[in-house]
Amino acid sequence: GAIFVGNVNASALAKGQHSKSVLDAGWSTFRTMLRYKCDDAGVWFDEVDEAFSTQTCSCCASRTGPKGVAGLGIREWTCIHCETTHDRDRNAARNILAVGRDRLAGGIPALSAQAAVGHD
Ligand SMILES: [Zn+2]
C-alpha cells in the first residue's frame with residue numbers, strides 16, 4: 001500500500017567519485033517512473049530523508065554502521081550495541097521504511113479506512 005524511497009541527490013552524487021554507479025542506476029528516472037506507476041495503481045509514494053540510513057542500526061537505532069567513504073565497501077556489519085548482523089542495503093531500507101511510516105502516521109488516512117469505503 002505504500003512505497004518509500006530515500007531522497008538521494010543523484011545529480012550531486014554523479015559529480016563525485018561514485019558517478020558511474022549512480023548514473024548506471026538511473027536513479028532520477030527510476031524514481032519518476034515509480035511515482036507515476038504508484039499514482040496509477042493508487043499506491044502511496046513518498047521520498048523521505050535518508051540521512052544516516054546506512055549508519056543507523058534498524059534494531060536499536062544506534063549509529064554503529066559503516067561511516068564515510070571508507071565504509072562504502074562494507075556490505076555487512078554487526079551492531080556493537082545489540083549484536084545484530086545487518087546487510088547494508090536491507091538495514092538502510094528498513095530505516096527508510098520506518099521514516100516513511102512515521103510520516104504516514106502523522107495524518108494520512110488509514111489504509112483500512114480507505115479499503116472499507118471502497119467495498120461499499
Ligand atoms: Zn543495534
Side-chain angles (χ1 to χ4, degrees):
I3 294 177
F4 303 100
V5 298
N7 63 345
V8 62
N9 184 341
S11 59
L13 278 178
K15 291 171 184 163
Q17 64 186 101
H18 307 291
S19 58
K20 187 172 186 307
S21 60
V22 170
L23 293 174
D24 283 350
W27 266 114
S28 296
T29 302
F30 175 70
R31 276 186 301 196
T32 300
M33 293 176 76
L34 188 60
R35 180 184 294 276
Y36 164 75
K37 290 292 184 184
C38 284
D39 286 350
D40 198 43
V43 173
W44 182 258
F45 175 89
D46 204 2
E47 289 183 37
V48 302
D49 185 0
E50 65 170 11
F52 305 111
S53 59
T54 56
Q55 297 177 21
T56 305
C57 172
S58 59
C59 290
C60 74
S62 301
R63 284 191 192 162
T64 55
K67 295 174 176 63
V69 172
L72 283 175
I74 299 172
R75 308 311 304 171
E76 190 176 285
W77 53 279
T78 300
C79 176
I80 58 171
H81 287 289
C82 70
E83 299 183 347
T84 302
T85 298
H86 296 288
D87 172 88
R88 178 195 186 93
D89 294 335
R90 286 176 187 265
N91 178 68
R94 286 191 184 102
N95 287 328
I96 288 170
L97 178 61
V99 172
R101 282 178 171 162
D102 282 351
R103 186 184 286 186
L104 265 183
I108 306 299
L111 294 174
S112 57
Q114 290 178 344
V117 169
H119 286 293
D120 285 340

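In listed order, ligands and their atoms are each counted from 1. The structure presented is a predicted model; accordingly, all values stated were derived computationally and were not measured.
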Donor-acceptor pairs under 3.5 Å, side chain of residues 93-102 to any protein atom, not counting sequence neighbours: which ones?
residue: Asn95; atom: ND2; partner: Ser53; partner atom: O; Å: 2.9
residue: Asn95; atom: ND2; partner: Thr56; partner atom: O; Å: 2.7
residue: Asn95; atom: ND2; partner: Asn91; partner atom: O; Å: 3.4

Residue pairs meeting ring-ring contact (aromatic ring centres under 6.0 Å, His included), one or both in residues 54-84, sequence neighbours left out, come to Trp77-His86

Cluster membership besides Ile80, Ile/Leu/Val/Met/Phe/Trp/Tyr side chains within less than 4.5 angstrom, sorted by chain and number, is none

Does one hydrophobic cluster hold both Val5 and Val43, with members joined at side-chain heavy-atom distances below 4.5 Å?
-> yes

Heavy-atom side-chain contact between Cys79 and Cys59 under 4.5 Å | no

Just the protein N/O/S atoms under 2.8 Å from the Zn ion (ligand 1), please, no waters.
-> Cys57 SG, Cys60 SG, Cys79 SG, Cys82 SG

Kindly say whether Ile74 contributes a backbone atom to a donor-acceptor pair with the side chain of Arg88 at under 3.5 angstrom?
-> yes

